[in-house]
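Only one structure is covered here, and it is reproduced in the block below.
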There are 2 protein chains.
Amino acid sequence: MPRPTIADVARRAGVSKSTVSRVLSGNVEYMRPDTKARVEQAIAELGYRPSHLARSLTSKRTYTAALLVSDVGNPFYPEVIHGVEDVALSHGYDIYLCNTNYDVSRGLNSIRSLIDRQVDGILIMSSSMTDEWLEELVQHSIPTVVLDWVLTNPPPTVGIIGVDYRPGIQAAVEHLLALGHRRFAHVSGPLHLPTALARRDAFLHALAAHGINPSQVAIIEGNFRVDGGRAAMDELLSLPQMPTAVFTGNDMMAMGLVRASRARGLQVPRDISVVGLDDIWLVADMEPPLTTVALPRYEIGQMAMRMLLDLLKRPPASPYQQVETRLVCRQSTAAPPAA
Amino acid sequence: MPRPTIADVARRAGVSKSTVSRVLSGNVEYMRPDTKARVEQAIAELGYRPSHLARSLTSKRTYTAALLVSDVGNPFYPEVIHGVEDVALSHGYDIYLCNTNYDVSRGLNSIRSLIDRQVDGILIMSSSMTDEWLEELVQHSIPTVVLDWVLTNPPPTVGIIGVDYRPGIQAAVEHLLALGHRRFAHVSGPLHLPTALARRDAFLHALAAHGINPSQVAIIEGNFRVDGGRAAMDELLSLPQMPTAVFTGNDMMAMGLVRASRARGLQVPRDISVVGLDDIWLVADMEPPLTTVALPRYEIGQMAMRMLLDLLKRPPASPYQQVETRLVCRQSTAAPPAA
DNA sequence: CTGTTTTCTACAACCGGTTTCAGAAACCGG
DNA sequence: CCGGTTTCTGAAACCGGTTGTAGAAAACAG
């Protein structure tokens, strides 16, 4: 037998569809208690549950949101996803998850599909996005929240979660300086990404504030992945003068770098100090445990979803919120070699 | 301006809704070419895209499926998710992702919500499920595919992806025996899970086939997590006689075990050999790289989604498919200490 | 016991599509 | 030029809900 519909309930309770609809939506101000009771009983007896679909058709609300990430396999995401999901769940929302696989056009396809499905809003946490995505979404006036993206003049339906890299990175720099380091390198993410630039610049500024000229800092462009960190190690070794401390744009590259350095006979932190960024769970018990700039990822997820819900209520908003970073000191940093 | 509807297109093309609907669904056998052209032009001019929602209401198909996992953070899942997603995408499906967080009732809530949203089917890949979930789904005759779950007499709407642990585990056992090991231990998953039992039994059977009595094998019940592996190491040390080779129910526990052993002053593989299961990407460059029984996870994802699509077409099926495991030899296994 | 007001419920239209069916238009042979 | 096919298109009902409105029933005043 197919699911009972609202008409079945109405028939059984001897009332009209509208009456059933009213008790469902709690709109019972002018309803006789016994009528309400009859309807409720019919609902219970039939095990009736309203169809989300039909409801959405009139209400224009699907109670559905989408989360676009580059790749669920990236350890950065799980906690973010949990944060998003927990808030979503508690507001009756379900989440479409889409991996862009770092592919801009795949992402755009997903977005189109999601628009056709009338999702109420979209969370974009894929670094490999383009402004074209936003245009598409703005055009259809779909509320959107973007993580760590730079937007001059954001449209009213777009919210932004910013990351303030300064406090964490500044603390890292001061920590390294205090240990005695003077020669630094940075392994960045792909420099066409705003987030990679922000991290690099926060690092350089913090150094400059302490009298270290950015031009003395070796910058190696990486790819945010483990193998990028590995490759970077080789570049470091080919430098005329090895830096004694390296800050990597994320933890994955730090992992690759530490491994590659071990393979090259260098020991972390004795021969070289390494600081990562993200504080993914893996690095807490790496060999050695990684010193890193932590991002509150669960919080980011929650915040993003909450912002989206806000955007859904009172659209002309375009909010901006920031999360802070902080330094987590572990054992991949030490005084530079005497040399 | 709101999205154009089919009525807008019809008006603009000077035809009826039905005609537009027909060109949309490609049902143009009896249509004059110029009519079709007019409609297509109107569609293009308005940038019309049909509403998935309205369509689903009549067609009873939402082109939506759900994937239930225990925790996206578990490195087992990403590749599975990719497999599922790739097949889904290429068939016009979008995927709801739900984390159960190892919580049976949270999972059940998700399932209820998904049923109300009329998903076409559900993939269950959360080990912490119960048969109650299936009952709910079967009752609503929602096609379901379950990974590695034991079901006597599966209902026709349920498909199962089985894992044949034997080939991989057998190879692992033979590998260890060839190295000279005779004293074995197994760190299992929670033994109320069918999958944990299957892994344990495959191990014991393989040993038995080579003359090692299961009763001589130390079995420690773990939890499939890193800390479970850590705890298991302590139990191993308290044994009257240390085994020389340990097979863990998954890689996470192997990681914990290796780390704990290092902390206890033991070296892998010199003092003890360790074999994991899953071949998650992390273990390829652990210290030492882990020997492990590999599961074709991307394939599992693809296979599961394909099975679901099949189930959607010709329901009275209840298929069963198996994937094979195989041994990946790395450096966490060696000859036992001379002692 | 009426007339008015208040309380309650049903009817009907609508959301944006699909599908059945009937009838109009074009084509054809005689 | 007429009747019978064949080809094409539109009207209407439906999917499963929500909502505005009209009008019946109950309550109340006179």
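Protein chains get the first letters and strands the later ones, always in sequence-line order, with residue 1 at the start of each. Atom set for the values below is all heavy atoms of this structure, side chains included, hydrogens, waters and symmetry mates excluded.
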**Q.** Rounded distance (Å) that lies between atom P of C:dT9 and atom CZ of A:Arg11
**A.** 19 Å
Q: Rounded off to whole Å, could you give me the CG-to-P distance for the A:Asp8 and D:dC15 pair?
A: 10 Å
Table of protein N/O atoms under 3.5 Å from nucleotides 7-13 of chain D N/O atoms:
unit_1: D:dC8; atom_1: O5'; unit_2: B:Tyr30; atom_2: O; d: 3.2
unit_1: D:dT9; atom_1: OP1; unit_2: B:Thr35; atom_2: OG1; d: 2.2
unit_1: D:dT9; atom_1: OP2; unit_2: B:Arg32; atom_2: N; d: 3.2
unit_1: D:dG10; atom_1: OP2; unit_2: B:Ser16; atom_2: N; d: 3.0
unit_1: D:dG10; atom_1: OP2; unit_2: B:Ser16; atom_2: OG; d: 3.3
unit_1: D:dG10; atom_1: OP2; unit_2: B:Thr19; atom_2: OG1; d: 2.7
unit_1: D:dG10; atom_1: N7; unit_2: B:Arg22; atom_2: NH2; d: 2.9
unit_1: D:dG10; atom_1: O6; unit_2: B:Arg22; atom_2: NH1; d: 3.4
unit_1: D:dG10; atom_1: O6; unit_2: B:Arg22; atom_2: NH2; d: 2.8
unit_1: D:dA11; atom_1: N6; unit_2: B:Ser18; atom_2: OG; d: 3.0

**Q.** Test log, rule side-chain contact (heavy atoms from CB on, under 4.5 Å), inputs A:Val84 and A:Tyr77
**A.** CA-CA 10 Å; A:Val84 170; A:Tyr77 288 112; over 6 Å; no
Q | Salt bridge A:Arg55-B:Asp116, side-chain N to carboxylate O under 4.0 Å | A | no
Q) If you count the non-hydrogen atoms of other residues, nucleotides and ligands that lie under 6.0 Å from OH in A:Tyr63, is the total more than 12? A) no
(Q) With a 4.0 Å limit, can you tell me whether A:Thr5 has a side-chain N or O closer than that to the phosphate oxygens OP1/OP2 of D:dG16? (A) no
Q. So, are A:Asp8 and A:Lys17 salt-bridged, with charged N and O less than 4.0 Å apart?
A. no
Q) Is there a donor-acceptor pair closer than 3.5 Å between any side-chain N or O of B:Asn74 and the backbone N or O of B:Phe76? A) yes
Q. Do A:Asp131 and A:Trp149 have side-chain heavy atoms sitting under 4.5 Å apart?
A. yes
(Q) Rounded to whole Å, please give me the gap between CG in A:Asp116 and P in C:dG16. (A) 14 Å
Q: Could you tell me whether B:Arg106 and A:Asp86 make a salt bridge, using a distance below 4.0 angstrom between a side-chain N and a carboxylate O?
A: yes
Q: Note the angle between the end axes of the helix from C:dC1-D:dG30 to C:dG30-D:dC1, five pairs defining each, rounded to 10 degrees.
A: 60°
Q) Would A:Leu137 and A:Val158 count as a side-chain contact (heavy atoms from CB on, under 4.5 Å) if you check the C-alpha gap in whole Å, the side-chain angles of each, and the deciding distance to 0.1 Å? A) CA-CA 9 Å; A:Leu137 289 165; A:Val158 174; over 6 Å; no
Q) Do the charged groups of B:Glu29 and B:Arg22 touch, with an N to O distance under 4.0 Å? A) no
Q: Round to the nearest Å and state the distance from B:Leu24 atom CG to C:dG16 atom P.
A: 15 Å
(Q) Could you check whether any side-chain N or O of B:Glu85 sits under 3.5 Å from a backbone N or O of A:Asn99, counting only pairs where one atom can act as donor and the other as acceptor? (A) yes
Q.
Taking B:Met31's backbone N and O only, do any of them form a donor-acceptor pair with B:Thr35's side chain (distance below 3.5 Å, no angle check)?
A. no
Q | Positions of residues 49-64 of chain A (non-hydrogen atom under 4.0 Å from DNA chain C), listed by number | A | A:Leu57, A:Thr58, A:Lys60
